[in-house]
Amino acid sequence: MVERLEVEADLTRSSWTTDFVLHYQPVFRLDSGAIAGVEALVRWRHPDRGLLLPANFIPVAERSGDILTIDGWVLREACRCAALWAAKHPEYSDLEISVNLSALQLQRSDAVEEVRDALGSAGLDPRQLILEITETALIADVARGIETLNRLKELGVQLAVDDFGAGYSSLEYLQHFPIDILKIDKSFVDGLGGSADGSAATGAIVNVAKSFSLPVVAEGIELPDQRALLLELGCELGQGYEFSRPVDEEAMEGMLTADRGTEPSGSRAETP
Ligand code: G
Ligand code: MN
């Protein structure tokens, strides 16, 4: 409790441009290792505690309302970066960037305007923006959710279900929501390649995506075996430490420059 209050107090003192930073994790083609996209992940450079992951501050920011400011900044910063990379690297002129949208952000009356503004001020083609939404956020307010998602789709952006399989996994909403991509939760990847064979559950999730004709991205791939098994199960895209940890803007651009569709160089530590 003391800890939470402390984080809350720290949050209100934070300056968005210097204390928060976006790291980027590439999404790879599991067969060739070529970069297929990038996910933007927010980190908080805490003055005393070092680089904090979203799990350490997002819940507090959701309760305090600071999440809306953080989310807006993340969206604008990610769009700016993607537009910059697309302009600098012609071979990535259609590079897709994924941004995580919180449940609260989805419920805001001006959510669609915020996305439109971020795209507009960055000059980013809407087709390059993928908004990731968790199952829980989708279910929170179904009627309003569908309306907001439809309006977001009208902007031309793509929508992905994040952490798919971890929540309700209600197949019904896949029919009603305008979803473009499914991202398999890391827990289904963890179950692969170890002593306990989790490939039946993972295969079932991949098949759900396929039967809805949706591309599927596996999250949290940490081992070569997991990558091989996912490919066997028909999953073509993935991200995780086996390919690359989330890295800062400069390192991400370095990867784009070096990418020739060859094997990634492996993971490196995530540094502030
Ligand atoms: O909810 P979402 O899937 O967007 O969360 C992604 C989080 O998972 C990020 O904080 C990212 O740093 C972390 N992550 C990405 N790849 C891996 C991985 O291979 N292993 C683990 N343990 N975490 C990962
Ligand atoms: Mn995500």
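What you see is a predicted model, and the numbers here were worked out from it, not measured in a lab. In listed order, ligands and their atoms are each counted from 1.
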- Query: To which protein heavy atom is atom 2 (P) of ligand 1 closest, and what is the distance rounded to 0.1 Å?
  - Reply: D162 OD2, 3.6 Å
- Task: Determine whether any heavy atom of L53 lies closer than 4.0 Å to an atom of ligand 1.
- Result: no
- Considering all heavy atoms of both residues, which atom of H46 and which atom of R49 are nearest to each other, and what is their separation? ND1-N, 3.1 Å
- Message: Show the atoms of ligand 1 that are less than 4.0 angstrom away from any heavy atom in P246.
- Response: 12 (O)
- Task: Examine the proximity of ligand 1 to I221 and report which part, side chain or backbone, both or neither, has a heavy atom under 4.0 Å away.
- Result: backbone
- Given the protein's heavy atoms, is any one of them under 4.0 Å from atom 8 (O) of ligand 1? no
- Message: Starting from atom 23 (N) of ligand 1, what is the nearest protein heavy atom, named by residue and atom, and what distance separates them?
- Response: Y241 OH, 3.2 Å
- Could you find the nearest protein heavy atom to atom 15 (C) of ligand 1 and give me its residue, atom name and distance? Q25 OE1, 3.2 Å
- Item | Aromatic plane relationship, Y24 with W85 - under 30° parallel, 30 to 60° tilted, over 60° perpendicular | perpendicular
- Would you give the length of the straight line joining atom CD1 of I221 to atom CZ of F28, rounded to the nearest 0.5 angstrom? 10.5 Å
- Message: With 2.8 Å as the threshold, which protein atoms of type N, O or S lie near the Mn ion (ligand 2)? Leave waters out.
- Response: E39 OE2, N100 OD1, E132 OE1, D162 OD2
- Please name the pair of heavy atoms, one in Q128 and one in L95, separated by the smallest distance, quoted to 0.1 Å. NE2-O, 2.9 Å
- Close approach of E39 to ligand 1, heavy atoms, under 4.0 angstrom: yes
- Heavy atoms of the protein only: does one fall short of 4.0 Å from atom 5 (O) of ligand 1? no
- State which residue, out of E242, E222, E219, fulfils the salt bridge (charged side-chain N to carboxylate O under 4.0 Å, His left out) condition with K186. E222
- Under 3.5 Å, is there a donor-acceptor pair linking the side chains of Q158 and E96? yes
- Has R63 got more than 12 heavy atoms of other residues, nucleotides or ligands less than 6.0 Å from its CZ? yes
- Enter the distance from R80:CZ to E77:CD here, rounded to the nearest 0.5 Å. 4.0 Å
- Would you call the rings of F164 and Y173 parallel, tilted or perpendicular if under 30° counts as parallel and over 60° as perpendicular? perpendicular
- Query: Does ligand 1 have any atom sitting under 4.0 Å from a heavy atom of R43?
  - Reply: yes
- Item | Contacting atoms of ligand 1, where contact means under 4.0 angstrom from a heavy atom of G240 | 16 (N), 19 (O)
- Task: Without swapping roles, check the side chain of K210 against the backbone of G234 for a donor-acceptor pair under 3.5 Å.
- Result: yes
- Looking at ligand 1, does K186 have a heavy atom less than 4.0 Å from it? yes
- Heavy-atom nearest neighbour in the protein, as seen from atom 3 (O) of ligand 1, with distance rounded to 0.1 Å: E219 OE2, 2.7 Å
- From L159 CG over to E132 CD, what is the distance, rounded to the nearest 0.5 angstrom? 10.5 Å
- ligand 1 atoms nearer than 4.0 angstrom to some heavy atom of N100 are 4 (O)
- Item | Verdict with supporting geometry, E113 and R151, salt bridge (charged side-chain N to carboxylate O under 4.0 Å, His left out) | CA-CA 10 Å; E113 284 67 34; R151 288 178 54 216; 3.2 Å; yes
- Interatomic spacing from CD1 in I146 to NE2 in H176 - rounded to 0.5 Å: 6.5 Å
- May I ask whether E222 has any heavy atom positioned less than 4.0 angstrom from an atom of ligand 1? yes
- Could you grab the distance from atom CG of L182 to atom CG of D162, nearest 0.5 Å is fine? 10.5 Å
- Of all the atoms in ligand 1, which lie at a distance below 4.0 Å from a heavy atom belonging to G220? 17 (C), 18 (C), 19 (O)
